[in-house]
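As C-alpha cells, the structure follows; a few thoughts come after it.
Side chains are part of it too, since the values below use all heavy atoms of this structure and drop only hydrogens, waters and symmetry mates.
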Amino acid sequence: MMKKMVMTTALTLASLAVNAQNGAGLGTKETAIVKIAALTANGNTDELRQVLNQGLDAGLTVNETKEILVHLYAYVGFPRSLNG
C-alpha cells in the first residue's frame with residue numbers, strides 16, 4: 001500500500017513538472033521543488049544531485065532545499081529522505 005502511495009505521489013509530482021515545463025504557471029524555483037520531491041520519492045539519487053544543483057542555480061537556498069527533504073520524510077520514509 002505504501003509503495004502504491006509513493007508511486008502515485010511521484011507520478012503526480014512528475015506530471016506537475018511536465019506541466020510546469022509547458023508554461024503552466026510555475027516558475028523555475030517551483031519546478032525545481034517538484035523535481036526534487038519526485039526524484040526523492042523515487043529514490044533516484046543520481047538525477048537528484050543534478051536537480052538539487054539546478055534548484056540552487058534557480059534561486060533556492062540551502063535551507064529551502066533542506067526543508068523540502070525534511071517535509072518529504074513523512075511521505076517517503078526516513079531512508080529516502082535521508083539519502084536525498
Side-chain angles (χ1 to χ4, degrees):
M1 182 68 172
M2 181 65 170
K3 186 175 181 178
K4 184 177 179 181
M5 186 172 80
V6 169
M7 291 304 295
T8 302
T9 303
L11 289 173
T12 302
L13 293 172
S15 80
L16 287 172
V18 169
N19 287 336
Q21 290 176 345
N22 292 331
L26 295 178
T28 55
K29 286 175 76 172
E30 291 85 6
T31 303
I33 291 169
V34 171
K35 288 180 181 179
I36 290 168
L39 292 171
T40 302
N42 283 332
N44 190 341
T45 56
D46 294 330
E47 286 185 50
L48 180 59
R49 285 188 189 110
Q50 295 172 349
V51 173
L52 286 170
N53 287 327
Q54 290 172 3
L56 292 172
D57 292 341
L60 287 174
T61 65
V62 173
N63 285 334
E64 288 171 330
T65 305
K66 286 180 185 178
E67 282 297 314
I68 295 165
L69 299 174
V70 167
H71 286 285
L72 284 169
Y73 160 71
Y75 300 102
V76 300
F78 183 70
R80 286 191 177 179
S81 181
L82 181 64
N83 288 338

Check Val51 against Ala32 and note the closest heavy-atom contact, atom names and distance. CG1-O, 4.1 Å
How about Ile36 and Leu60: do any of their side-chain heavy atoms sit closer than 4.5 Å? yes
Please test Val62 against Lys66 for side-chain contact (heavy atoms from CB on, under 4.5 Å), starting from the C-alpha separation and ending with a verdict. CA-CA 6 Å; Val62 173; Lys66 286 180 185 178; 3.8 Å; yes
Leu69 to Thr40 - nearest heavy-atom pair and separation: CD2-OG1, 3.5 Å
May I ask you to test the Thr31-Lys35 pair for a side-chain heavy-atom distance under 4.5 Å? yes
If the test is side chain to side chain contact (heavy atoms under 4.5 Å, CB included), which one of Val34, Leu52, Leu48 qualifies with Leu39? Leu48
